[in-house]
There are 2 protein chains.
Amino acid sequence: MANISDIIEQYIKARLGRSNSGAIVFRRSELAEKFSCVPSQINYVLSTRFSSNRGYIVETRRGGGGFIRIIRIPLEESEDLLDLVYEKIGDQIGMNEAIGLIRHLFEEDIITRREAHLMETVIEVAAPDHGHPEARRNRAVLLKSMLMVLLRHKK
Amino acid sequence: MANISDIIEQYIKARLGRSNSGAIVFRRSELAEKFSCVPSQINYVLSTRFSSNRGYIVETRRGGGGFIRIIRIPLEESEDLLDLVYEKIGDQIGMNEAIGLIRHLFEEDIITRREAHLMETVIEVAAPDHGHPEARRNRAVLLKSMLMVLLRHKK
DNA sequence: CTTAGTTTGACCTTTATTGACCTTTACTAT
DNA sequence: ATAGTAAAGGTCAATAAAGGTCAAACTAAG
């Protein structure tokens with residue numbers, strides 16, 4: 001909410017949205033200055049919100065003329081998508097990762113909002129988080145079954 | 001009947017009523033302070049009065065800038081439909097009846113084809129037919145949770 | 001007297017912020 | 001070419017700032 005990390009996240013996403021190329025470049029120190037925070041705060045935001053898991057690539061360069069470049073990688077709708085997602089899930093997956101993946105697919109417009117809600121609910125009801133490795137495996141099986149249906153049948 | 005939980009419930013509902021977005025956000029600690037109770041009392045109210053069964057979604061975030069967000073899910077289809085379907089399911093349901101119900105909702109154009117496939121798959125994977133009464137009950141819980149989402153969210 | 005619902009508090013987990021110290025790269029003056 | 005220095009960005013651990021959990025104690029209705 002009123003935390004700086006969220007504000008920086010929004011700022012970066014807004015800039016990415018305005019960019020035609022889907023990429024932006026800036027200096028870490030400038031951004032830190034703009035939001036009156038320490039430079040390492042920027043790294044925190046990058047690692048928690050712009051991970052490759054969430055569909056971004058971050059490139060940086062140190063030294064004089066250094067910079068940070070953030071590139072948004074659109075999830076293309078293709079045959080590979082199912083493989084990609086399957087690989088990401090593997091034979092077990094945590095609650096947060098599962099929810100994160102579902103949200104990502106929704107943001108990329110590959111599944112509808114109702115489908116996303118439906119899947120989240122199913123996972124919470126049928127494979128709740130009890131820390132048991134059993135639950136992680138069940139969750140993976142369930143999620144893969146569901147995505148098999150959705151990614152194979154055109155919207 | 002003037003217990004704190006009821007008062008907090010009313011307060012939250014009043015705020016939800018005033019909100020045009022149908023959602024409100026607050027800090028757990030602030031609310032607790034406002035009603036002079038321990039913070040965990042808020043969790044109690046949320047879990048007993050704002051469950052998804054009652055048509056709410058509660059999202060939270062811990063850590064700095066943490067918050068609790070409550071969203072009221074408007075009923076899209078008629079309330080009767082939800083009641084009807086709930087009654088039909090009851091505390092337990094067989095495989096064939098469950099599949100039949102799902103198909104019926106699809107034919108009535110209340111859920112999409114993808115949603116129907118998705119639900120069938122979920123039921124087959126998470127509550128397969130083994131003749132155990134346990135399975136019949138799990139299936140009912142799962143199916144009701146799923147329909148709660150779909151019958152409450154606009155297509 | 002029993003049961004369901006409520007209230008409390010001790011302890012836990014997650015997320016964010018900050019700062020000291022480290023590494024890499026570019027530029028400049030020998 | 002090269003050493004030195006300035007100008008970036010990177011890492012990591014300590015601390016702060018939330019919210020979550022769970023069980024014990026309490027209360028009210030039957």
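In this text, all values refer to a predicted model and were calculated from it rather than measured experimentally. In what follows, chains carry the letters A, B, and so on, assigned in the order in which the sequence lines appear, proteins first and then strands, with residues in each chain numbered from 1.
Look at A/Arg49 and you'll find a side-chain N or O under 4.0 angstrom from OP1 or OP2 of C/dA16. Contact between the side-chain N/O atoms of B/Arg69 and the OP1/OP2 oxygens of D/dG19 is not found at any separation under 4.0 Å. A close approach under 4.0 Å does occur between a side-chain nitrogen or oxygen of A/Arg27 and OP1 or OP2 of D/dA8.
Using modelled atom types, no side-chain atom of A/Ser19 and backbone atom of A/Arg15 make a donor-acceptor pair closer than 3.5 Å. Between the side chain of B/Arg27 and the backbone N or O of B/Phe67, no donor-acceptor pair lies under 3.5 Å. A/Asn3 places a side-chain N or O within donor-acceptor distance of the main-chain N or O of B/Gly64, the cut-off being under 3.5 Å. For the pair B/Glu124 (side chain) and B/Thr121 (backbone), a donor-acceptor distance under 3.5 Å is absent.
One atom, CE of A/Met95, and another, C1' of D/dT21, lie 16 Å apart when rounded to the nearest Å. Rounded to an integer number of Å, the gap from A/Asp6 CG to C/dT15 P is 12 Å. Following rounding to the nearest Å, A/Tyr44 (OH) and D/dA16 (P) show an atom-to-atom distance of 16 Å. Taking atom CD1 on B/Ile4 and atom P on D/dA28, their separation rounds to 13 Å, with Å as the unit. In this structure, A/Leu46 places its CG atom 11 Å from P of D/dG9, rounding to the nearest Å. Between B/Asn43 atom CG and D/dT21 atom C1' the separation is 8 Å, expressed in whole Å. The separation between B/Asn3 atom CG and D/dC26 atom C1' is 13 Å, rounded to whole Å. For B/Glu59 and D/dG19, the CD to C1' distance is 15 Å, given to the nearest whole Å.
Counting heavy-atom neighbours within 6.0 Å of A/Lys88 NZ, excluding the residue itself, gives a total above 12.
The shortest side-chain heavy-atom distance between A/Leu105 and A/Leu147 falls under the 4.5 Å cut-off. Residues B/Val58 and B/Thr60 have side chains in contact (heavy-atom distance under 4.5 Å, counting atoms from C-beta outward).
Within a heavy-atom distance below 4.0 Å of DNA chain C, the residues of residues 28-42 of chain B found are B/Val38, B/Ser40, B/Gln41.
Using a cutoff of 4.0 Å between basic side-chain nitrogens and carboxylate oxygens, A/Arg49 and A/Asp6 are scored as salt-bridged.
Ranking C/dT17, D/dG10, C/dT7 by closeness to the A/Thr60 side chain, first place goes to D/dG10.
Contact annotation: side chain of A/Arg62 to base of C/dT23, donor-acceptor pair present below 3.5 Å.
Among the protein residues, A/Gly66 comes within range of the sugar-phosphate backbone only, with heavy atoms under 4.0 Å from sugar or phosphate atoms but none that close to a base.
The cluster map of Ile, Leu, Val, Met, Phe, Trp and Tyr, joined by side-chain heavy atoms under 4.5 Å apart, puts B/Tyr56 and B/Ile24 in the same cluster.
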Under the rule of Watson-Crick or G-U wobble with both distances under 3.5 Å, where | means paired to another strand and [ ] a crossing pair, DNA chain D maps to ||||||||||||||||||||||||||||||

